Amino acid sequence: MLLIVAGLLLLILLAVALVVSYGVDQVTRRPPPDPPATPAEFGLPFEDVTFTSRDNVTLRGYWMPPRDAAQDAAIVICPGREGSLDSDLGYASPLWAAGYGVFIFDWRAHGRSEGQAITLGVRERGDLLAAVDWLAAHGITHIGTLGLSMGAATAISAAAEDGRIMAVVADSAFAEAKTVILGGLRERYLRNRLARPLAWLVLQGIGWQAGGSIARADPLRNIGRVAPRAILLIHGARDPYVPMDSIRRLYRAAGGPKELWVVPEASHREAATLRPHEYWTRVLAFFAEWLSLETQKAPRESV
C-alpha cells in the first residue's frame, strides 16, 4: 500500500514538474518574429542601430532622428512581449510627427537581438538602460518612454533606477509579474485553485533562469522611486491579465505627477486601437508637458 501511495505521489510530482517546466518555457522562450517591417514603410527616416545591453547581450533596433536637428528630446518605444518590434512600429509615426526622435529596439530573445531567455523585466531593464546610454551618447538629454505591456512594466522599473528617463507612459503594465502569470494561466489553461500555486512555481522557475527574483523588477515595488518625474498609466478595464485592482494599487504606489486613464471597453493593449484620437491626444500632451526644459513642476494627480 505504501508503495502505491509513494508511486502516486511521485506521478503527481512529475506531472506538476512537467506543467511548471512547460509554463516557464512558454514565458521565457524566444518567440518567432512578427512579419518584418521597417520605419520606411511609415515614411520615416531611420538608421539601423546595434548596441550592447548592460550584461553584454547584443541588441538591435532603429533610430528615427527628429526632423529638427537641434531637438534634443526623444521617446523610446518599449515593445511588448511579442515576436519582435515590427508589430509596434506604428507607434513611432505620431511621436515623430510631433517632433521627437524615436528609438525602438528588440528586447533580448526577440527579433534581431541576441539572447535566448525572456525574464519579464529583470534583465530587460539593462536593455532599456543601454538604449538610454546610446541616446545620451548621441546628445539626447530629454528622454521619455512609451512602454507596452511587458515593455511598460520594464520602463517603470528602469525609470526608478535611472533619472535620465524624465517621463513614462505605461500602457497595460502589470503591477506584479505573479498577477500576469496567474492571469495567463486562468485565461488559457486553469480556472481553479491550482492556478495560484502553479503560478508561484512558474515564477520561481523564471527567476532561476533570470539569475534572481522576478519580484525585484515588479513595477509595484519600484514605481514610487520614479517621482518626481511624471508617469501616465493607461489601462483597459477588461484586461484579462491585469485586473483593475492591480493597476489601481500601482497608481496609488506612484508618487507624483501621475495620471491614470482607464478605457472601460478595452482589453489588454486595446486603448490605442479603440480610441486612437484620444490616445494620442493624451500621450502627446503628456510628453509635451513633461519633456520640456522646465525641471520644477508641482506634483499633480489625474484620474
Side-chain angles (χ1 to χ4, degrees), residues 21-42 44 46-53 55 57-64 75-95 102-128 130-131 145-155 157-158 169-174 177 180-181 183-185 187-189 202 205-206 209-210 214 217 234 236 239-242 266-274:
S21 177
Y22 176 77
V24 171
D25 180 68
Q26 288 293 297
V27 174
T28 63
R29 70 178 178 180
R30 172 185 283 272
D34 295 314
T38 71
E41 296 176 28
F42 298 89
L44 303 177
F46 72 98
E47 303 169 13
D48 285 293
V49 174
T50 299
F51 62 108
T52 305
S53 182
D55 59 350
V57 175
T58 299
L59 307 172
R60 297 180 175 89
Y62 300 119
W63 165 238
M64 289 149 267
I75 311 298
V76 183
I77 298 174
C78 305
R81 186 194 173 280
E82 310 287 349
S84 55
L85 64 78
D86 305 273
S87 61
D88 289 329
L89 265 174
Y91 286 84
S93 294
L95 297 169
V102 181
F103 194 98
I104 186 171
F105 66 96
D106 279 317
W107 299 112
R108 65 186 57 226
H110 284 78
R112 297 181 299 140
S113 291
E114 296 182 357
Q116 295 302 318
I118 298 166
T119 66
L120 295 183
V122 174
R123 295 193 176 273
E124 287 80 3
R125 283 181 301 177
D127 298 351
L128 177 51
T145 59
L146 171 56
L148 309 162
S149 190
M150 184 189 81
T154 302
S157 293
V169 175
D171 182 346
S172 302
F174 56 80
V180 76
I181 295 296
L185 284 172
E187 180 73 10
R188 295 185 177 91
Y189 310 111
V202 168
I206 297 170
Q209 283 200 10
I214 292 295
I234 300 173
D239 192 320
Y241 308 112
V242 185
S267 183
H268 192 67
R269 284 195 53 182
E270 285 188 340
T273 302
L274 297 179

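Just so we're clear, the structure is a prediction, and the values are computed from it rather than from any experiment.
One N or O on the side chain of E124 and one on the backbone of T119 form a donor-acceptor pair closer than 3.5 Å. The backbone N or O of S84 lies less than 3.5 Å from a partner atom in the side chain of D34, making a donor-acceptor pair. Here the side chain of H110 pairs no donor or acceptor atom with the backbone of P33 at under 3.5 angstrom.
Judged as a side-chain hydrogen bond (donor to acceptor under 3.5 Å, both in side chains), and not counting sequence neighbours, the contacts of S157 are N222. Looking at residues two or more places apart in sequence or on another chain, you find no side-chain hydrogen bond (donor to acceptor under 3.5 Å, both in side chains) involving T145. Remark: S113 pairs with no residue by the side-chain hydrogen bond (donor to acceptor under 3.5 Å, both in side chains) rule, at least two apart or across chains. Contacts of F174 classified as ring pair (Phe, Tyr, Trp, His ring centres under 6.0 Å), with partners at least two apart in sequence or in another chain: none. The side-chain hydrogen bond (donor to acceptor under 3.5 Å, both in side chains) check on R108 picks up S53, D55, D127, with sequence neighbours excluded. Scanning for ring pair (Phe, Tyr, Trp, His ring centres under 6.0 Å) contacts around F46 gives Y62, with sequence neighbours left out.
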- Task: Decide side chain to side chain contact (heavy atoms under 4.5 Å, CB included) for T52 and L59; before the verdict, give the C-alpha distance in whole Å, the side-chain angles of both, and the deciding distance to 0.1 Å.
- Result: CA-CA 6 Å; T52 305; L59 307 172; over 6 Å; no
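Closest approach of A177 and L120 over heavy atoms only: CB-CD1, 4.2 Å. Here the shortest heavy-atom pairing between I118 and A109 reads CG1-CB, 3.9 Å. When all heavy atoms of A173 and V242 are compared, the closest pair comes out as O-CG1, 3.7 Å. Residue F51 comes nearest to A131 through the heavy atom pair CE1-N, 3.6 Å, listed as atom of the first residue, atom of the second, then distance. A pairwise comparison of heavy atoms in G80 and S149 identifies CA-CB, 4.3 Å as the closest pair.
Proximity of I104 to V76: side-chain heavy atoms (C-beta onward) are nowhere separated by under 4.5 Å. Considering only heavy atoms from C-beta on, P39 comes within 4.5 Å of L89 through its side chain. Here the side chains of C78 and W107 are in contact, with some heavy-atom distance below 4.5 Å. Using a 4.5 Å heavy-atom threshold, the side chains of D239 and S172 count as touching. For the pair R112/D48, a side-chain contact is recorded, criterion being any heavy-atom separation below 4.5 Å from C-beta on. In this structure the side chain of R60 reaches within 4.5 angstrom of the side chain of E114, judged on heavy atoms. The shortest side-chain heavy-atom distance between V102 and Y91 does not fall under the 4.5 Å cut-off.
Here E82 contributes atom CD and D106 contributes atom CG; the two are 11.0 Å apart, rounded to the nearest 0.5 Å. We find the OG1-CZ distance between T154 and R81 to be 12.0 Å, quoted to the nearest 0.5 Å.
With salt bridges taken as basic N to acidic carboxylate O contacts below 4.0 Å, one links R269 and D88.
Aromatic ring pairs are classed by plane angle as parallel below 30°, tilted from 30° to 60° and perpendicular above 60°; the pair H268 and Y241 is perpendicular.
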